[in-house]
2 protein chains.
Amino acid sequence: MGKAPTIYDVSRKAGVSTATVSRVLNNPGKVNQATRECVENAIRELDYRPLLEARIRTAKDVRRICVCAPHFTANSFVQRLRGIAVAFAGRNYELQVYSVASKNHMDHFIEMLELNRMDGIITLSLPFTEEQILKINAYHIEMAMIEYASPLANCVVINDREGGQMAADYLIRKGRKRFGIACELTKTDYSVFPNLHRLESYREELTRNGFELETRYIYDVMCDTNATYQKFLEIFRSGDYPDAIFATADLHALGILRAAKENNIRIPEDVAVIGFDDIDFADYVGLTTIRQNLDQSGRIAADLLTNRMKDPSRPLQHVQLPLTIIERETA
Amino acid sequence: MGKAPTIYDVSRKAGVSTATVSRVLNNPGKVNQATRECVENAIRELDYRPLLEARIRTAKDVRRICVCAPHFTANSFVQRLRGIAVAFAGRNYELQVYSVASKNHMDHFIEMLELNRMDGIITLSLPFTEEQILKINAYHIEMAMIEYASPLANCVVINDREGGQMAADYLIRKGRKRFGIACELTKTDYSVFPNLHRLESYREELTRNGFELETRYIYDVMCDTNATYQKFLEIFRSGDYPDAIFATADLHALGILRAAKENNIRIPEDVAVIGFDDIDFADYVGLTTIRQNLDQSGRIAADLLTNRMKDPSRPLQHVQLPLTIIERETA
DNA sequence: TTTTACTATGTAACTGTTTTCATTGTAACT
DNA sequence: AGTTACAATGAAAACAGTTACATAGTAAAA
């Protein structure tokens with residue numbers, strides 16, 4: 001017995017036409033008591049369930065929301081996802097994950113919405129164009145964006161420029177003299193690069209205080225702890241390195257820490273390292289870092305979304321989350 | 001005016017067949033660039049939008065697979081999910097995540113399947129009963145289970161007993177004398193507890209070699225790095241602790257490492273720590289651990305699933321993944 | 001008894017889309 | 001030139017239902 005039963009199976013079993021079965025389902029009044037019972041029995045016995053109806057019922061009482069993100073296995077993403085999941089826990093929501101790894105995917109994602117209705121979507125670090133957002137709006141799908149701001153959607157962001165400035169001030173205050181930065185410089189077209197803002201304001205704040213961010217201390221790293229580790233192994237071996245490094249993401253900082261250890265470079269005595277994000281593991285390696293509350297950003301985005309799904313007349317909101325320096329041992 | 005445009009209107013306007021229009025929508029690669037643009041224009045001009053109901057009617061599969069797991073934000077889980085996502089990348093499947101946090105959820109999950117069709121599901125560490133699996137099979141949904149074995153489904157597992165034994169042997173070989181273990185002892189009814197097997201075989205292997213696993217060195221920890229950290233802060237402060245600890249999951253090991261550092265306990269000189277899993281971060285804290293290839297387990301489960309979705313007559317498979325000791329600095 | 005009116009049911013057309021299969025045209029090998 | 005391979009396309013058959021229309025049966029009215 002292969003497939004799920006269809007209306008034809010039911011009609012055969014009950015010895016009536018499909019029209020009658022259909023009527024039992026949609027217009028019970030129009031069909032004779034006895035026949036109706038007979039059909040109902042057949043339905044029950046076959047566990048028949050009209051396909052479409054199932055879908056419609058689904059759409060009614062369980063809502064589907066989709067989280068759309070690049071490199072969704074990075075720690076910072078997972079923590080946001082956790083915030084989102086917590087916010088939806090226990091409510092009748094399905095969480096779907098869509099992973100973006102190229103610009104194409106973003107369009108494909110939108111096309112998918114056409115086919116596969118969602119009630120809401122949360123995007124992470126994705127630079128959707130105005131046109132794309134309008135398209136999504138046209139489907140009447142609510143949307144909240146994290147780490148990218150658009151006037152057309154709910155957004156939750158941080159002030160990246162402030163972050164760079166905080167890092168600079170902190171390191172200056174600690175008496176450092178030669179400043180470096182580890183930052184992903186090579187952009188892709190499908191993700192957002194707040195690190196570049198952090199870099200710029202870091203540089204500006206240093207200049208403002210009479211220091212210079214020398215070009216050779218600007219390290220271009222890839223979004224991957226291991227790659228950063230490899231790169232800094234060489235940097236430390238070369239002997240020419242700054243006495244303070246701002247890693248624009250914790251995952252870079254972890255690579256730096258490990259490379260330093262391997263080269264017997266003392267942290268923070270020889271080199272102070274400050275990260276950005278405050279991922280879970282920062283605590284366990286004693287990383288001093290600038291916290292943007294990842295869990296909370298997810299939770300807030302989820303709230304923005306549900307509020308608007310309940311009452312679409314609510315105005316769009318833009319939330320800016322505060323940054324705090326978490327002082328631990330590395331700077 | 002009147003009706004919404006149908007695919008026929010589009011095909012007429014573009015001067016092609018409905019089949020071609022359909023292809024433009026669902027399989028753009030299969031249609032010539034020029035034709036496609038022509039069709040796309042027609043679609044745009046008519047503001048054509050395919051009718052969901054009609055699509056559902058003909059769709060034989062929903063191109064959706066669901067990953068069902070407890071505490072899905074744990075690192076080990078995410079790494080498996082990454083393996084799964086990689087396997088499905090580019091294959092045009094939706095990945096849905098269902099999070100289980102109580103026994104109820106498992107039944108609820110099955111009920112949901114009734115309404116919300118899936119093509120396949122992958123479960124992680126979930127002890128579905130035979131009855132439940134049969135129910136799922138009745139929906140003709142393919143299924144692959146990770147970290148739990150059932151003769152009724154595809155499974156990918158490891159040999160947990162072997163793992164405990166490996167840990168014991170390794171620590172004995174390193175000349176340790178007083179053995180401890182950090183392990184989640186309190187069971188829930190909605191998750192599987194392979195750690196207990198690891199504990200048992202660890203104990204047995206110690207005994208076999210003339211050592212004893214003393215009760216006071218069996219530490220019951222919760223599935224959370226921070227909780228483990230707190231617990232071990234006290235343990236280390238108390239002064240009575242073993243010189244070797246097997247943490248049945250890396251996330252516990254990380255908590256132990258941090259607590260040790262805070263108490264100026266040298267690792268591995270004073271206490272050797274060996275973990276289990278080899279999560280990404282194990283490398284960055286130099287944790288010696290027993291690797292079960294998490295990414296791979298996800299990937300393999302995904303392959304098992306897709307193979308069976310393509311050809312349901314394939315026999316069920318049970319895959320057992322090998323374990324390897326990764327020697328780093330903590331033991 | 002015949003007519004009328006109405007109920008219960010079946011037949012078959014229809015819905016808008018996807019998909020299989022066959023056909024055509026073209027480019028690349030013998 | 002002849003064959004092969006393949007990309008692009010269309011015709012038509014599914015898909016799982018609903019519905020218009022026809023028909024048969026029955027009860028009430030004439």
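On a predicted model such as this, the values are computed, not experimentally measured, just so you know. So you know, we letter chains A, B, ... as the sequences are listed, proteins then strands, and number each from 1.
- One interatomic measurement links the two molecules: CD1 of A:Ile7 to P of D:dT19, which rounds to 11 Å at whole-angstrom precision.
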What string of B, S and - do you get for nucleotides 8-15 of chain D, 5' to 3', when a contact is any protein heavy atom under 4.0 Å? SBBB---B
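- C:dT18 atom C1' lies 10 Å from atom OH of B:Tyr48, rounded to whole Å.
- Spacing between atom CG of B:Asn27 and atom C1' of C:dT19 amounts to 10 Å, rounded to whole angstrom units.
- Using a cutoff of 4.0 Å between basic side-chain nitrogens and carboxylate oxygens, A:Asp295 and A:Arg82 are scored as salt-bridged.
- Rounding to the nearest 0.5 angstrom, the gap separating the CG atom in A:Asn226 from the CG atom in A:Leu251 is 10.5 Å.
- In this structure, CG of B:Leu51 is placed 14 Å from C1' of C:dT18, rounded to the nearest angstrom.
- Contact check, A:Thr6 against D:dA16: no side-chain N or O comes under 4.0 Å of OP1 or OP2.
- Of the nucleotides present, D:dA1 is the one that pairs with C:dT30 by Watson-Crick or G-U wobble criteria, both distances under 3.5 Å.
- Between B:Arg44 and B:Glu40 the shortest side-chain heavy-atom distance falls below 4.5 Å.
- Atom CE of B:Met309 has more than 12 neighbouring heavy atoms from other residues, nucleotides or ligands inside a 6.0 Å radius.
- In this entry the distance linking CZ of A:Arg12 with P of C:dG10 reads 14 Å, nearest Å.
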Let me see the working for B:Ser297 and B:Gln292 under side-chain contact (heavy atoms from CB on, under 4.5 Å), right down to the final yes or no. CA-CA 8 Å; B:Ser297 71; B:Gln292 65 164 139; 5.7 Å; no
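- Ring planes of A:Phe109 and A:Phe128: tilted class, angle from 30 to 60°.
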